[in-house]
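Below is one structure; the comments refer to it alone.
All figures in this text were calculated on a predicted structure; none of them were measured in a lab. In the text below, chain A, chain B and the rest are named by the order of the sequence lines, each starting its count at 1.
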Number of protein chains: 2
Amino acid sequence: MSLKHAILTLLETEESSGYDLLKQFQSRLGYFWNASHQQIYAQLKSMHSEQLIDFHVEAQANKPDKKVYTLTQAGRDALSEWVQQPLKLGKVNDALLVKLYAGHLADKDQLLEEMTNYRDNHQRMLNTFLAIEEEYKNSSAKEKKNLALPYLTLRRGIIGEQACLDWADEVIDFLHS
Amino acid sequence: MSLKHAILTLLETEESSGYDLLKQFQSRLGYFWNASHQQIYAQLKSMHSEQLIDFHVEAQANKPDKKVYTLTQAGRDALSEWVQQPLKLGKVNDALLVKLYAGHLADKDQLLEEMTNYRDNHQRMLNTFLAIEEEYKNSSAKEKKNLALPYLTLRRGIIGEQACLDWADEVIDFLHS
DNA sequence: CAGCATTATGCAATTTGTTGCATATCAAGT
DNA sequence: ACTTGATATGCAACAAATTGCATAATGCTG
């Protein structure tokens, strides 16, 4: 049940609507968490009923109203308690690897297409992350200090995506041979 | 619903019991799939009711009996159909990154412990994978050809674990400074 | 021989996540 | 005017995963 904690973490930095959270998970935080809008709205509802978060409705010019959520004290407490608990190891479930393992059942062109598609996706993510890294590098010393930990999570994204690309190149090379 | 396909893939290579599958997911296939024993046994049951797999009970000396599952023709068909379908992008849910993002709420020593623990785990995985790679490299040309695709999935493990270690070192360096 | 780990299997309750559907506002293009 | 796309929210049915419990045989260690 860690979507809860991912949301608490984001709200701790800044108040957001469900839609804001969705967009963050889809873009710059895509590396460490993914969730659908249905999941997010449902989670926000249940967190509100647990009084971990509060909201107010904000009217916007040129856009529909939104519900902006903020942490309550209980929410802050729950987050800091969670941060102090040790984690168990994360699960890996990578369907592409399963598919490649069973790849003799598909034809080479299909695998190649899947792999180049995979490579393109990760290249796109890497570019996004590198752009954010540039922003960070150009920020003031004070900002850098404040953002040091988020920056390290970004580094995970960059290093991980680079690894994806290196591997994809190996596989594509093999499939071409 | 891809545990199903992961299991079909493994059974396509060799017949196995639920426990065998569990052990594979925990060790050499840990990189690409994880599942609990409850999940595996339940999945096998449902796949058997769908007639994708068959089993026979095998008595063992010095160990409890086991149910050894094999693919049926329908199972083979389902697998090769799945391999031919394009995948959607995998989800990432990395609680360690969430925690690091919110790391200012924990104390440095705790984060350090979490990170060194993470590093150790991934070092252990990397060592396992490297040992398997050695085996592969020492196998015959014929074997190498047969195992080419599984070997590429192993490479994903190696490259990915190395990336984990590189990143962990960056973070640990930072936390020490 | 008592206690613990490993092998081997499973059920039931609950929590999470997915899929499909539904609604509504506003901007921009055709 | 009409359609498409982005913003913004949500419900309901279903599938999948987690957690807790339960059983049973065997091997090993003290």
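Contact check on B:Glu170 versus A:Arg156 returns no salt bridge, with no Lys/Arg side-chain nitrogen under 4.0 Å from an Asp/Glu carboxylate oxygen. Of the charged side-chain nitrogens involved, none lies within less than 4.0 Å of a carboxylate oxygen, so that B:Glu12 and B:Arg76 do not count as a salt-bridged pair.
Atom-to-atom, CD1 of B:Ile40 to P of C:dT9 comes out at 10 Å; the value is rounded to the nearest Å. Atoms CG (B:Leu3) and C1' (C:dT18) sit 16 Å apart, rounded to a whole Å. The distance from atom CZ of A:Phe25 to atom P of C:dT18 is 13 Å, rounded to the nearest whole Å. Straight-line distance from the NE2 atom of B:His48 to the C1' atom of C:dG10: 16 Å, rounded to whole Å. The CD-P distance, from A:Gln39 to C:dT18, rounds to 5 Å in whole Å. The separation between A:Gln43 atom CD and D:dT9 atom C1' is 16 Å, rounded to whole Å. B:Asp65 places its CG atom 11 Å from the C1' atom of D:dA24, with the value rounded to the nearest Å. Distance, A:Tyr19 OH to C:dT23 P: 19 Å, rounded to whole Å.
Using a 4.0 Å cut-off, some side-chain N or O of A:Ser17 falls inside it from OP1 or OP2 of D:dT9. Listed pair A:Tyr41 / D:dG10 fails the phosphate criterion, with no side-chain N or O lying under 4.0 Å from OP1 or OP2. Phosphate proximity of C:dT18 to B:Lys91: present, with a side-chain N or O under 4.0 Å from OP1 or OP2. Contact between the side-chain N/O atoms of B:Lys67 and the OP1/OP2 oxygens of C:dT7 is not found at any separation under 4.0 Å. Look at B:Lys23 and you'll find a side-chain N or O under 4.0 angstrom from OP1 or OP2 of C:dT7.
A donor-acceptor contact under 3.5 angstrom links the side chains of B:Glu58 and B:His56, judged on distance only.
Between A:Lys66 and A:Lys45, the residue anchored closer to the 5' end of DNA chain D is A:Lys66, taking for each the nucleotide with the nearest heavy atom. Each of B:Gly18 and A:Ala35 lies near DNA chain C, and the nucleotide nearest B:Gly18 is the one positioned closer to the 5' end. Checking B:Asp20 against B:Asn93, the closest nucleotide of DNA chain C that is more toward the 5' end is the one next to B:Asp20.
Closest to the side chain of B:His37, from the set C:dT18, D:dA22, D:dT19, is D:dA22.
At the heavy-atom level, A:Lys4 lies nowhere under 4.0 Å from the strands shown. B:Gln38 comes within 4.0 angstrom of a base, heavy atoms only.
Under the 6.0 Å distance and 45° angle rule, A:Lys108 counts as a cation-pi partner of A:Phe174.
Residues A:His48 and A:Phe55 bring their aromatic ring centres within 6.0 Å.
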